[in-house]
S.K.: 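The following block contains the structure, expressed as structure tokens.
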Amino acid sequence: MADPKRFEPAPAPARPAAGGIAARAQAKREAPYLAALNPEQREAVETLDGPVLVLAGAGTGKTRVLTTRIAHILNLGRAHPSQILAVTFTNKAAREMKERVGHMVGEIVEGMPWLGTFHAIGVKILRRHAEMIGLKSDFTILGVDDQIRLIKQLIEAEKLDEKRWPARVFAQIVDGWKNRGLTPEQVPGGEAASFANGKGKKLYAAYQERLKTLNAADFGDLLLECIRLFKEHPDVLKQYQSRFRFILVDEYQDTNVAQYLWLRLLAQMPTTAAPSGGLVLRDASPNSSTGRAERGPYGDAPQDEGKGAANDAFDPHPEEARSAVSKEEAQGVSLEDTWGEPEALDSGSSPSVAAPGMTDRKNICCVGDDDQSIYGWRGAEVDNILRFDHDFPGAKVIRLERNYRSTGHILAAASTLIAHNEGRLGKTLHTEDVDGEKVEVTGAWDSEEEARAIGEEIEQMQRAARDEGADHPLDEIAILVRASFQMREFEERFIQLGLPYRVIGGPRFYERAEIRDALAYLRVIAQPADDLAFERIVNTPKRGLGDAALQMLHDYARKQRIPLTEAAAIMSSTDEMKPKPRNALRGLMESFARWRKQKDTLPHTELAEIVLDESGYTEMWQKDRSADAAGRLENLKELVRSMEEFENLAGFLEHISLVMDTAEGDSEQKVSIMTLHSAKGLEFDTVFLPGWEEGLFPHQRSLDEQGKAGLEEERRLAHVGLTRARKRARIYFATNRRVHGMWQSNIPSRFLDELPAQHVEVKEAAGGTGGFGMSGYGPSRFDEAGAFGSKYTTPGWQRAQGRRGAGGFSENGQPRYVPDGVFNQDEDYGDDVAPPRSSSPPPGGGRSAAAGRREGVKPRVPLTIEGELIAKSSGPASAFKTGDRVFHLKFGNGNVTAVDGNKLTIRFDKAGEKRVVDSFVERV
DNA sequence: CCATGCGGCCTTTTT
DNA sequence: GGCCGCATGG
């Protein structure tokens, strides 16, 4: 990477490691762990000074670099374990890293207190300085459900219609703001106005205030409040800056703006720095695509609407920016390093350097892969990684391109696919492995056949392996789906086959109702002021304390400005309440008093058992006859079991608010079923990738809402999927699929076209009849009715290709893609409807003639309201009427028995009665 | 206060 | 087609 103007971090030349002797000693020890690395990996490990970005493609040894780097730093004596900040996104990653570093260096890691997730480290920092941001150090961390409940109350207090302005929606908006590092004051006016008639900002502020009174923080706060703390208390920031001599970041492509700002502060980069036009922008690397520079971190570009508003985070309104800068700089220049130890010398030399804010170490090493950024929808900014060398001037960029995981064909397929993305830094993965099996692409008639085919292949692989006396462990097989509704089909099939499987993902353990309830009891015991927890369980199990009773408590508590539990204690002995609820309340409060006493005498696990028992909570589930009650009881036991690892209740609660994943303790061999998202970071010998159809993958919604950016993210997801496979990758698409209870026909995913033919083998599912209906691209899922009765007779793939030539694709088989993610714009809208609200207006290009249209096509009725597509009973009347004789591609002939908007109920001759969207049948 | 029924929604998910 | 959340009525 070009770095024409390199700011040499001052101390580089004569930087003694922890004394000359240690340095010498280290030279000998160098060999073993470094020798095991390839040259690029080694460079990534050894380049310790200044900012480093390691672009680590899938399977190139990312974790190894990270862990070896830590080991190396420790080994050279460049820092103590407690002087290294290493952040990850998930607890799992943190755990793994800890373990692997542990193996390399031994017990020292015990003393790596700053290795953890962004959030865990955020909490740790906040607890130490809680008073400075208006909290007490024992503040609670709110989960999403608490968050929503709280917001609901605020919305009600504002007398807003909770229907029109749902708390859930606002919670997401607030989350988005926090992800972007925006405090209430910083939220751009326009954006804030869009919720609740301009009350957005006020609500956000009220929410924050309420959190403070509850002595609570939500997940977003763990970072945002840290940032605020750092900005308002430069001395505190200073402390951490001098502590962290080395910063390592895993999965950098997943960082959001808040995390980015947080890192910049700690890495001693000026956040709102160098007045623009300065050094940084001029450094714009030559190969960076246009558009990046003006979105640079210093926000010198005019704000554009929507997405661009993210810039606000980088460049709060000018006044604020200025004051922030001057404050930081004032402190920054006069730094007097608080570092107590001998090797602190280095900082002394740099402050004199002219460049403002450019002081000290900036030994930050970010590892990531822009091609694996798949969390844009929850605030991750791919830009963070794309722009790294702007943001961290003088950064060294190291590419790891040698793949140690997949065979040649798989890697080639994945690389070719991802090369279709424009917004990427570009890497060329290569392997020295054999070519192996080609990537198989199989067309199936419907999702059921897809599941059947995959089931059979798995059984066959098992058989084949057994014949060879080998074994294809089921653990090495995964089915990676785009959306979780796809899973059911596989589960059903596998149950039939008796094939053991495991679904990974789904609701997190600690998000389950029974766990949250149990925790709420414990929280109230540990923290009587935890109103949200109290509210949660006050009537769970039912004890006659409904809304009315709760309302009284609320009123009283608010009036007296006391926590709910206190209000409850008082009201249980006054006569304001009716006797019945009052007695119930008194009973509950007495229980709590008793449990609180027992807290200090009994082991916490025992206490938990007593609480669950005496509160009637366990009993509630024992009486419950629904199917999952047993599982819930099991979960409760698991919860108690998991408490054993902790010293006390407080320690456990702290842990559980941040962590708590089901330790997936079963060792039985099983096929894994999971979403592509949860597959990131995993690998398997064999990977099945079903559902590669337009609309599902790439997902329509992603296209509609994010346009090109959405498409590229979907493509990265496809790339992630393929690169999970070591030896076999098998892709499927189904022509028909049931979505929301109705059958829908789909065409194969455009991603299939983007795979290199020479590395792919096209198959047809056994007994498959293939065939391609068409649901159409673009904003409508229900248009293009006339694609049926098609002339396609050739098997699947050819038909797919044929179909493409016919509509929406240019000659070379490339999709005729217009940059806003909308296909065949012209065909999808009637004259009377507007194009989708989200994307930019369709450019002139991309209009295809209605080529490939067959005649006899039912005039399509576009159902659009303000660009939102609807398919509901209120829609315009269908062109069909009761009694019509119709043909459906999957079900054959039948008679319409009922019409509901565009939904038809049809009695099919063979298939029985079904509900179908009208665009999928034709009159005969 | 609780059970029942109807209407609306429905991608991905960590902390 | 299924779940969740809310409104109604007992």
Side-chain angles (χ1 to χ4, degrees), chain A residues 87-94 116-123 141-144 147-148 152 162-163 166-169 172 175 178-179 217-223 251 254-256 258-259 373-380 480-489 504-511 513 539 541-550 578 580-581 584 628 655-661 674-681 691 695-706 710 713-714 716-717 720-721 738-743 781 868 870-874 903 914-915:
Chain A
V87 278
T88 63
F89 275 84
T90 63
N91 295 299
K92 194 174 158 218
T117 63
F118 277 100
H119 297 267
I121 289 170
V123 180
I141 301 161
L142 259 40
V144 267
Q147 202 181 337
I148 289 172
K152 192 176 261 169
E162 224 263 300
K163 278 278 145 45
R168 181 171 297 277
V169 171
Q172 271 163 11
D175 240 35
K178 289 187 175 179
N179 282 160
D218 65 18
F219 281 117
D221 285 341
L222 301 184
L223 288 161
E251 307 278 21
D254 288 338
T255 49
N256 60 33
Q259 285 154 341
S373 160
I374 54 175
Y375 285 111
W377 51 272
R378 67 175 196 214
L480 310 183
V481 298
R482 172 68 244 265
S484 37
F485 76 85
Q486 292 172 264
M487 293 179 179
R488 183 186 305 206
E489 200 98 46
I504 297 180
R508 296 255 149 281
F509 185 70
Y510 62 87
E511 273 168 18
N539 200 29
K542 302 265 185 280
R543 41 174 82 90
L545 294 166
D547 288 347
L550 191 60
K578 295 207 189 96
K580 228 176 171 182
D628 52 355
H655 171 84
I656 204 151
S657 56
L658 285 173
V659 195
M660 192 75 217
D661 25 20
M674 67 184 100
T675 63
L676 286 159
H677 282 93
S678 32
K680 194 169 81 161
L696 176 58
F697 193 34
H699 201 280
Q700 192 59 47
R701 189 139 158 193
S702 187
L703 261 32
D704 288 349
E705 286 171 9
Q706 305 287 324
E713 183 154 314
E714 295 283 305
R716 290 194 289 268
L717 203 46
V720 166
R738 207 157 48 162
V739 185
H740 313 321
M742 274 172 298
W743 285 95
R781 262 174 279 192
E868 285 280 8
I870 52 161
K872 48 181 83 146
S873 40
S874 57
K903 290 185 211 160
K914 304 260 184 226
R915 296 235 302 162

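Here is the naming used below: chain letters follow the sequence lines, and residue numbers restart at 1 for every chain.
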S.K.: A:Asp175 has an atom CG; how far is it from atom P of B:dT15, in whole Å?
M.R.: 14 Å
S.K.: Run the side chain to side chain donor-acceptor pair (under 3.5 Å) test against A:Thr675 and tell me which residues pass, sequence neighbours left out.
M.R.: A:Ser678
S.K.: Distances for protein N/O vs nucleotides 3-10 of chain C N/O pairs under 3.5 angstrom?
M.R.:
from: C:dC6; atom 1: OP1; to: A:Lys152; atom 2: NZ; distance (Å): 3.4
from: C:dC6; atom 1: O3'; to: A:Lys163; atom 2: NZ; distance (Å): 3.3
from: C:dA7; atom 1: OP1; to: A:Lys163; atom 2: NZ; distance (Å): 3.3

S.K.: To the nearest Å, how far apart are A:Phe219 CZ and B:dT13 P?
M.R.: 16 Å
S.K.: Of all the heavy-atom pairs spanning A:Gly544 and A:Pro581, show the shortest one and how long it is.
M.R.: O-CB, 4.0 Å
S.K.: Tell me every residue that passes side chain to side chain donor-acceptor pair (under 3.5 Å) with A:Thr90, counting only those two or more places apart in sequence or in another chain.
M.R.: none
S.K.: Restricting to salt bridge (Lys or Arg N to Asp or Glu O under 4.0 Å), what partner residues turn up for A:Glu251, sequence neighbours left out?
M.R.: A:Lys62, A:Lys680
S.K.: What are the two closest non-hydrogen atoms of A:Asp254 and A:Ala380, and how far apart are they?
M.R.: O-CB, 3.4 Å
S.K.: Just the table, please: protein N/O against nucleotides 2-6 of chain B N/O, every pair under 3.5 Å.
M.R.:
from: B:dC2; atom 1: OP2; to: A:Asn539; atom 2: ND2; distance (Å): 3.4

S.K.: Apply side chain to side chain donor-acceptor pair (under 3.5 Å) to A:Ser702 and list each qualifying residue two or more places apart in sequence or on a separate chain.
M.R.: A:Glu714
S.K.: Select from A:Phe485 and A:Leu222 the residue whose nearest nucleotide in DNA chain B is closer to the 5' end of that strand.
M.R.: A:Phe485
S.K.: Report the distance from atom CD of A:Glu713 to atom P of B:dT13, rounded to the nearest whole Å.
M.R.: 13 Å
S.K.: Using the aromatic ring of A:Trp377 (for Trp, its six-membered ring), decide whether it stacks on the base of B:dT11 within the limits of 5.5 Å and 30°.
M.R.: no
S.K.: Tell me whether the side-chain N/O atoms of A:Thr675 come closer than 4.0 Å to OP1 or OP2 in B:dT11.
M.R.: no
S.K.: Sequence neighbours left out, what passes ring-ring contact (aromatic ring centres under 6.0 Å, His included) with A:Phe697? Give chain and number order.
M.R.: A:Trp692, A:Phe751
S.K.: Not counting sequence neighbours, which residues clear side chain to side chain contact (heavy atoms under 4.5 Å, CB included) with A:Lys580? List them please.
M.R.: none
S.K.: Where does B:dT11 land, syn or anti, given syn is within 90° of 0?
M.R.: syn
S.K.: Pick base, sugar-phosphate or nothing for A:Ser678, based on heavy-atom distances below 4.0 Å to the nucleic acid.
M.R.: sugar-phosphate
S.K.: In whole Å, what is the span from the CG atom of A:Asn91 to the P atom of B:dT13?
M.R.: 17 Å
S.K.: What is the separation between atom NE2 on A:His677 and atom P on B:dT13, rounded to the nearest whole Å?
M.R.: 7 Å
S.K.: How would you label the contact of A:Phe89 with the nucleic acid (heavy atoms, under 4.0 Å): base, sugar-phosphate, or nothing?
M.R.: sugar-phosphate
S.K.: Can you tell which of B:dC10, B:dT12, B:dT15 lies closest to the side chain of A:Arg701?
M.R.: B:dC10
S.K.: Under 4.0 Å, counting only non-hydrogen atoms across every strand here, what does A:Gln147 touch: a base, just sugar-phosphate, or nothing?
M.R.: nothing
S.K.: Rounded to whole Å, please give me the gap between CZ in A:Arg482 and C1' in B:dT13.
M.R.: 11 Å
S.K.: Any donor-acceptor pair under 3.5 Å linking the side chain of A:Asn539 with the backbone of A:Leu545?
M.R.: yes
S.K.: Return the stacking result for B:dT11 and A:His699: yes when the ring centres lie under 5.5 Å apart and the planes under 30°, no otherwise.
M.R.: yes
S.K.: With sequence neighbours left out, write down each residue that passes ring-ring contact (aromatic ring centres under 6.0 Å, His included) with A:Tyr375, or none if nothing qualifies.
M.R.: A:Trp377, A:His677
S.K.: What's the NZ-P distance between A:Lys92 and B:dT13, to the nearest Å?
M.R.: 14 Å
S.K.: So which nucleotide from B:dT15, B:dT12, B:dT13 ends up closest to the side chain of A:Arg378?
M.R.: B:dT13
S.K.: Quick one: A:Arg738 CZ to C:dG2 C1', roughly how many Å, whole number?
M.R.: 11 Å
